[in-house]
Amino acid sequence: MEIKAIRGFNDILPDEIGKWQFAEETAREVFEGFGFSEIRIPILERTELFSRGIGEATDIVEKEMYTFVDRSGNSLTLRPEATASIARAYLEHQLYTFDPVAKLYCIGPMFRYERPQKGRYRQFYQIDAEVFGVENPVVDAEVIIMLIHFLKRVGFENLELQINTLGDQTCWPKYREELKRFLTSKSFQLCEDCQRRLQTNPLRIFDCKVETCQEAITNAPKVSDFICSECQKHFDLVKKYLETAGLQYILNPRMVRGLDYYTRTAFEVVSYQLGSQNAVAGGGRYDNLFQEIGGLEIPGIGFAIGMERLVSLLPRDKEFISYPHLFVAALGQEPSKEAYRIVNQLHLEGIRAELDYEGKSLKSQMRRADKLKARYVLILGEDELKRGKAALRNMETKSQEEISINNIFTVLKDKVKELKGKNRH
RNA sequence: GUGAGUGUAGCUCAGUUGGAUAGAGCACUGGGUUGUGGCCCCAGUGGUCGAGGGUUCGAGUCCCUUCACUCACCCCA
């Protein structure tokens with residue numbers, strides 16, 4: 001094969017798709033139960049939307065965007081995340097005139113030009129949820145509760161919820177400056193990476209594994225001493241609402257966000273089974289995003305779930321795969337015609353039926369029926385057909401009965417109903 | 001962008017200090033049963049040994065270059 005998918009772009013094959021569908025269906029059900037509506041947004045936007053919304057100095061904008069100039073000379077970018085686009089749509093269609101509060105969710109692919117590794121790809125899927133127009137910390141909690149509830153519904157009871165507050169425009173920069181000043185005085189102790197982090201993102205130095213760096217930060221100023229009273233109050237309420245909802249969380253004062261628009265509440269759900277990229281979902285409040293892209297002061301909060309990471313934690317289970325209800329094995333010309341007629345009819349009735357397309361021996365048709373895990377096989381031979389009969393074999397019990405072809409639809413409908421009663425499919 | 005590891009059949013992998021037609025298991029196709037699946041037995045299909053160059057009488061094996069994949073760093077979902 002000469003032409004292969006490009007780096008970091010993956011095919012999701014049929015044997016895996018059940019897990020994806022399950023995750024998406026569950027998200028729709030849960031989110032709509034919380035009053036969210038789906039929104040679908042374009043995959044391409046004007047580059048400006050992201051450079052302004054996410055922030056010029058962020059890694060995403062500086063080096064990770066798929067950006068190109070189209071035939072009319074506009075700079076366009078494949079969306080690296082959904083929030084900015086959803087906010088743009090909200091402004092563009094003035095959804096706030098209908099209701100200042102908007103609860104929206106979106107499922108689809110995002111694109112970032114990074115070196116792929118476990119849990120990180122150039123095209124990756126996110127399930128995104130956003131609430132616009134509410135400053136009250138109740139929604140911070142509501143959104144987190146919805147996320148955790150969703151994760152429980154797909155089967156994860158014990159993922160770790162980490163929360164932090166990033167402060168806002170008034171208190172966060174102060175802390176940043178103070179930390180920078182402190183660390184600059186210790187810069188001789190810092191490793192090469194941290195020398196650079198000192199300029200770009202000093203908080204990251206907390207995460208450095210180099211021993212001398214760890215020593216350097218032992219007496220560093222703490223975020224909590226700099227958070228202003230308004231932000232502190234907001235955060236305290238978020239924590240209280242989470243507690244009254246019975247949610248366990250871990251305070252992670254080192255948690256940072258890579259996107260400029262985040263303020264106040266930030267949260268992540270992590271799994272230690274994921275490898276280095278361990279965040280299944282992440283999000284937070286962004287009360288400045290709208291000003292950046294549209295000039296209106298509209299608060300927002302939301303999260304994104306990484307679908308690849310989520311799906312990789314789901315058990316590789318056959319229950320997601322749908323098997324044929326019936327395989328029709330035909331022997332000879334007339335029976336083949338009859339099989340074709342029957343299968344077409346069954347498809348119209350919503351019964352999953354398969355047949356042999358290559359005129360193979362019964363043995364090989366049986367093998368295929370078995371391989372496809374068909375529940376029943378209908379065997380059509382010349383003699384039986386002349387009598388208007390066919391053999392219906394239950395592949396699990398091996399019991400076989402002769403039924404008349406006229407009754408096939410009613411007999412099968414009952415059998416399929418039984419099958420559906422037993423499990424999802 | 002940086003670092004490390006790995007490239008032999010569709011998949012998982014053997015392949016000796018360089019030696020003759022490159023192997024196994026699984027999968028696939030057919031047969032053993034003129035019309036009955038899984039287990040078993042037999043046979044068959046399938047490889048430019050990632051690509052290019054070099055050393056050598058001889059390269060899957062050694063050297064160089066290059067590409068791809070994987071993991072990690074950076075950063076994030």
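Labels below follow one simple rule: chain letters A, B, ... track the order of the sequence lines, proteins then strands, and each chain is numbered from 1. Atoms considered below: every heavy atom in the structure, side chains included; atoms not considered: hydrogens, waters and symmetry mates.
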| message | Any carboxylate oxygen within less than 4.0 angstrom of a Lys/Arg side-chain nitrogen, looking at K63(A) and D59(A)? | response | yes

| said: So R115(A), base contact, sugar-phosphate only, or nothing? Heavy-atom distance under 4.0 Å. | reply: base

| request: In whole angstrom, give me the gap between the P atoms of G46(B) and G37(B). | output: 28 Å

| field | Residues E268(A) and R254(A) bridged, charged N to O under 4.0 Å | value | no

| request: Please state whether the base of U36(B) and the side chain of Q400(A) form at least one donor-acceptor pair under 3.5 Å? | output: yes

| With both distances under 3.5 angstrom, what nucleotide forms a Watson-Crick or G-U wobble pair with C40(B)? | G32(B)

| message | Please enumerate all residues that pass salt bridge (charged side-chain N to carboxylate O under 4.0 Å, His left out) together with R153(A), with sequence neighbours excluded. | response | E29(A)

| said: For G60(B), give the paired nucleotide (Watson-Crick: N1-N3 plus N6-O4 or O6-N4; G-U: N1-O2 and O6-N3; both under 3.5 Å), or none. | reply: none

| field | Shortest side-chain distance from K363(A), nucleotide among G37(B), A77(B), C74(B) | value | G37(B)

| query | With a non-hydrogen cut-off below 4.0 angstrom, is E114(A) in contact with a base, only sugar-phosphate, or nothing? | reply | base

| If you measure from the P atom in G5(B) to the same atom in A9(B), how many Å do you get, rounded? | 22 Å

| Separation between the P atoms of U65(B) and U2(B), rounded to whole Å | 15 Å

| Salt-bridged, E177(A) to K174(A), with N to O below 4.0 Å? | no

| field | Under 4.0 angstrom between K360(A) side-chain N/O and G30(B) OP1 or OP2 | value | yes

| said: Side-chain N or O of Q277(A) versus OP1/OP2 of C75(B): is the shortest distance under 4.0 Å? | reply: no

| Pair assignment for A68(B), Watson-Crick or G-U wobble, requiring both distances under 3.5 Å | U6(B)

| Proximity to the side chain of D370(A) - top-ranked nucleotide from G30(B), C74(B), G37(B) | G37(B)

| According to the Watson-Crick and G-U wobble definitions, with both distances under 3.5 Å, which nucleotide is paired to A24(B)? | U12(B)

| F226(A) and Y175(A) aromatic ring geometry - parallel, tilted or perpendicular at 30°/60° bounds | tilted

| With rounding to whole Å, what would you report as the distance between A77(B) and A68(B) at their C1' atoms? | 26 Å

| field | Pairing of E178(A) and R181(A) as salt bridge, 4.0 angstrom limit | value | yes

| Any K371(A) side-chain N or O less than 4.0 Å from OP1/OP2 of C28(B) | yes

| query | Closest to the E384(A) side chain: A77(B), U36(B), G35(B)? | reply | G35(B)

| said: Using a heavy-atom cut-off of 4.0 Å across all strands, would you classify E268(A) as base, sugar-phosphate, or nothing? | reply: nothing

| Given the C1' atoms of C13(B) and G47(B), what is the spacing between them in whole Å? | 15 Å

| request: Ignoring backbone atoms, test whether R7(A) places a side-chain nitrogen or oxygen under 4.0 Å from the OP1 or OP2 oxygen of A68(B). | output: yes

| Taking OP1 and OP2 of C75(B), is either one under 4.0 Å from a side-chain nitrogen or oxygen of R112(A)? | no

| task | Could you measure between the two P atoms, the one in C69(B) and the one in G54(B), and give it in whole Å? | result | 28 Å

| message | So if I take every side-chain heavy atom of R393(A) and compare against G31(B), U29(B), U36(B), which nucleotide ends up nearest? | response | U36(B)

| query | G35(B), A77(B), C74(B): which one has an atom nearest the side-chain heavy atoms of A279(A)? | reply | A77(B)

| query | So does S276(A) get a side-chain nitrogen or oxygen closer than 4.0 Å to the phosphate oxygens (OP1/OP2) of C71(B)? | reply | no

| field | Distance between P atoms of G32(B) and C11(B) (Å, rounded) | value | 32 Å

| field | Aromatic plane relationship, F132(A) with Y90(A) - under 30° parallel, 30 to 60° tilted, over 60° perpendicular | value | perpendicular

| Can you tell me the Watson-Crick or wobble partner of C75(B), both distances under 3.5 angstrom? | none

| query | Would you say Q117(A) reaches A72(B)'s phosphate, i.e. side-chain N/O to OP1/OP2 under 4.0 Å? | reply | yes

| said: Checking contacts here: which listed nucleotide (C75(B), A77(B), C71(B)) is nearest the side-chain heavy atoms of K118(A)? | reply: C71(B)

